[in-house]
Asker: 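My structure is below; once you've seen it, I'll send some questions.
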Amino acid sequence: MGARGPAGPSTCDPEPGDGPTRLGLRQAGAGRGTTRKDPSRGRLSPQDTKSHYPAGLFAQASAARMGRKVTVATCALNQWALDFEGNLQRILKSIEIAKHRGARYRLGPELEICGYGCWDHYYESDTLLHSLQVLAALLESPVTQDIICDVGMKILLIRPKMALANEGNYRELRWFTPWSRSRQTEEYFLPRMLQDLTKQETVPFGDAVLSTRDTCIGSEVCEELWTPHSPHVDMGLDGVEIFTNASGSHHVLRKAHARVDLVTMATTKNGGIYLLANQKGCDGDRLYYDGCALIAMNGSIFAQGSQFSLDDVEVLTATLDLEDIRSYRAEISSRNLAASRVSSYPRVKVDFALSCHEDLLEPVSEPIEWKYHSPAEEISLGPACWLWDFLRRSRQAGFFLPLSGGVDSAATACLVYSMCHQVCEAVRRGNPEVLADVRTIVNQPSYTPQDPRELCGRVLTTCYMASENSSRETCDRARELAQQIGSHHIGLSIDPAVKALVGIFSLVTGTSPRFAVHGGSGRENLALQNVQARVRMVVAYLFAQLSLWSRGASGGLLVLGSANVDESLLGYLTKYDCSSADINPIGGISKTDLRAFVQLCMERFQLPALQRCCDRALCALTAASWQHRPQLSWSPWPTGGCPRPMRHGDDVRRAVHLWEAPEGRQDRPLQHVLQTPQHVEGHLLAPAGEACPAPSGSQQVADKVKRFFSKYSLNRHKMTTLTPAYHAESYSPDDNRFDLRPFLYNSRWPWQFRCIENQVLQLEGRQQQELDGVD
């Protein structure tokens, strides 16, 4: 944190000695009905009340207390890892906007100078060096004058993070060490480049708070809000009135509810103003940071930032009355009794005020109701924004998508179409950065997108790759969807390439493999199907590199994959087939949520072709499909057609005979798949609030659990080559970043499966005894 103070007396300076108190304006030990009140305004005095003061002193304090309305700002910035120049400009722009709106305090996201996703670049000294250089540039800028910021003219306090995120996608303990000395500071010697600018040799470093002339500000950083005993609890008891949280929180479906609940509950129990800033956008990898900056006070929301947006800089401000905090706290006797026992924080005194003395007529912000997106809307917006950041920052000219006529590739196409909608809307609202980026992408300096369908034709190429086994129905569905979203569509046959590859094998070995329906073995059948799948991947990359060249346009295309999280989890795909791509926008989304998203697209974008993708009856493959991703065009059907029809929209868990997730429990397999087989079986046998299954049901659950873990372990090696995918669920099968498990298993699981069988026998025996007792 830092600030550049005013050069001389400010018109916003309050009266001296009029700051906040640790006990929340209540006398120590006083009960709810016996506390002294301010006679002029019916509120408790803001003076320190650890000892009893005469009533006249309260009246004196009241007369000098005008000037308690503060305007504070928080923001969401689309920072990019190691893009120091761009990050600096976005920080400066956010400070300018905050000051223009009258804010005297500005909060930015976590690691906003270097970007959150630097990962092992944090080990490198250059990352620290360039971060300090940017900090120096901020210190020199006149933009940081007369405002308290995360950085500013004078460094007031370096407040280190005390709880590091180290689960799931987070690896903060790999690069950082938390500060563990609660309520303690030490002197930190600044680098010489900063000493020359600030004329400071040392600054406080540690767990402290800022005490301005009119209030007290305390910081917690990202993960600290999510810990069982967050710093804001004791800070609030110690008189801190404004809490700030610089966050680097990535998007997960339905996560916004938890984030908002944590902030509102923090200020409901303890009172105070809470500012949360967050990063937004894709800063270089699989994660999308979803903004949701907010300002809350006393349990209510006063400003809500967008969760998904193409704006690189978003600033929220609110004008709030500090007296509302003090009155709110004065009515909570249990809180004030706890405050009388809390240990004090070191205070860094700041000769600066957030409020103006003459602010009686200054209007204050009104509380608002937080507006949430449905999961289907989150899918429509989040991955689309991620695709936009990836496209513009990779400096490619668009996307190439193998479009099969199935739901998954159709959903991926819809995400690109949703991206085009958001780009056109941003341009319509006058976003100059988006307009400049889209002109660079299409390589036309005067181009202005207005129609999402027209823009989609420029940035998305779809391709249906038919084989001799393909159906006319899937080809028609792919072509119809491409026409409705406006993509440049290609139809081709891969048979010549497949026959050439099989011909090479036959020439060398003197043997010709056959499909199973023609008398071939299972091994032959699988190999012939897989060669088609892998040819499609090679063709996709060839056309991605040269398709625009063949049309006289410049640039290349990013290849999009379309395997969902359920298929990846089970290895329900061919290694190095069309699931191998540059990026996969649906790779972290379950089949259940994808179905809801496709339904939303049908209604919102008026795409009737999606109905055919969901409703047309497709054919299920045989048990060999465990070894590959099933496609209708991979092998011929026996005479008489499909042996067993299946709805293509059915959950992939049913397609692979895993288990059917009852309504309201769709996420249970994903939540517990990280556990051992017997642990998973226990959750499925006796879920919370549900009766135990019948004896026959117990055996069915056991069989499905064993079948699942057998297939998971057999196909686990495929996750080592998984395409980088948008992270949207609480679980990801990504071997490289999330699911850090072996890829060579004993897939028979002899000990674990024996324990499961013993558990089933015990359960069946106990249930039989209960039945005998009833008889």
Side-chain angles (χ1 to χ4, degrees), residues 1-20 46 65-75 77 91-109 112 138-139 141-157 159 209-219 235 239-246 272-277 293-297 302-303 305 313-326 347-365:
M1 282 187 175
R4 173 186 284 177
S10 170
T11 58
C12 291
D13 292 348
E15 294 297 326
D18 201 10
R65 196 178 56 229
M66 303 304 293
R68 284 293 179 262
K69 295 173 183 176
V70 296
T71 300
V72 290
T74 185
C75 59
L77 304 183
I91 293 171
L92 287 172
K93 182 177 179 180
S94 70
I95 297 173
E96 287 179 332
I97 294 173
K99 290 179 64 177
H100 178 73
R101 296 179 183 176
R104 305 273 285 172
Y105 180 91
R106 174 265 185 199
L107 174 69
E112 61 179 331
L138 287 165
L139 294 171
S141 173
V143 173
T144 57
Q145 183 177 357
D146 292 327
I147 188 170
I148 295 181
C149 301
D150 303 311
V151 289
M153 182 56 189
K154 179 181 179 182
I155 300 176
L156 302 172
L157 168 68
R159 199 280 191 179
V209 297
L210 298 183
S211 183
T212 67
R213 297 179 195 168
D214 51 355
T215 188
C216 190
I217 306 169
S219 290
M235 285 182 183
V240 171
E241 295 178 324
I242 300 176
F243 312 102
T244 69
N245 188 314
I273 298 171
Y274 201 107
L275 283 74
L276 185 140
L294 64 86
I295 300 175
M297 183 177 72
F302 285 80
V313 177
E314 181 182 25
V315 178
L316 305 179
T317 57
T319 300
L320 303 169
D321 193 335
L322 296 176
E323 283 294 294
D324 290 338
I325 302 171
R326 295 158 187 172
R347 277 169 160 72
V348 177
K349 294 183 179 180
V350 184
D351 189 19
F352 188 80
L354 301 190
S355 63
C356 296
H357 181 55
E358 300 298 334
D359 62 0
L360 181 62
L361 301 180
E362 181 75 18
V364 295
S365 302

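The figures here come from the full heavy-atom set of this structure, side chains too, leaving out hydrogens, waters and symmetry mates.
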Asker: At their closest point, which heavy atom of L275 faces which heavy atom of L107, and how far apart are they?
Answerer: O-CD2, 3.3 Å
Asker: Assess whether side-chain contact (heavy atoms from CB on, under 4.5 Å) is satisfied between V72 and T244, documenting all intermediate values.
Answerer: CA-CA 10 Å; V72 290; T244 69; over 6 Å; no
Asker: So, does R347 use its side chain to make a donor-acceptor pair with the main chain of S211 at under 3.5 Å?
Answerer: no
Asker: Got I148 and R104 here, is their nearest side-chain heavy-atom distance under 4.5 Å?
Answerer: no
Asker: My understanding is that only residues two or more places apart in sequence, or in another chain, count here; which of them pass side-chain contact (heavy atoms from CB on, under 4.5 Å) with T71?
Answerer: A103, T317, T319
Asker: In Å and rounded to the nearest 0.5 Å, what is the OG1 to CZ distance from T215 to F352?
Answerer: 12.5 Å
Asker: Who are the salt bridge (charged side-chain N to carboxylate O under 4.0 Å, His left out) partners of K349, not counting sequence neighbours?
Answerer: none
Asker: Determine whether L354 and I217 make a side-chain contact, defined as any pair of heavy atoms from C-beta on separated by less than 4.5 Å.
Answerer: yes
Asker: Of all heavy-atom pairs between A353 and R213, which one has the smallest distance, and what is that distance?
Answerer: CB-CB, 4.3 Å
Asker: Identify the two heavy atoms, one from M235 and one from F243, that lie closest to each other, and give their separation to 0.1 Å.
Answerer: CB-CE2, 3.9 Å
Asker: Look only at the side chain of R106 and the backbone of V315, and say whether a donor-acceptor pair between them is shorter than 3.5 Å.
Answerer: no
Asker: Give a yes or no answer on whether the side chain of K69 reaches the backbone of S355 with a donor-acceptor pair at less than 3.5 Å.
Answerer: no
Asker: Among residues at least two apart in sequence or on other chains, which ones pass side-chain contact (heavy atoms from CB on, under 4.5 Å) with E314?
Answerer: A76, K280, S306, L316
Asker: Using only atom types and a distance under 3.5 Å, with no angle test, would you say the side chain of S94 pairs donor to acceptor with the backbone of C75?
Answerer: no
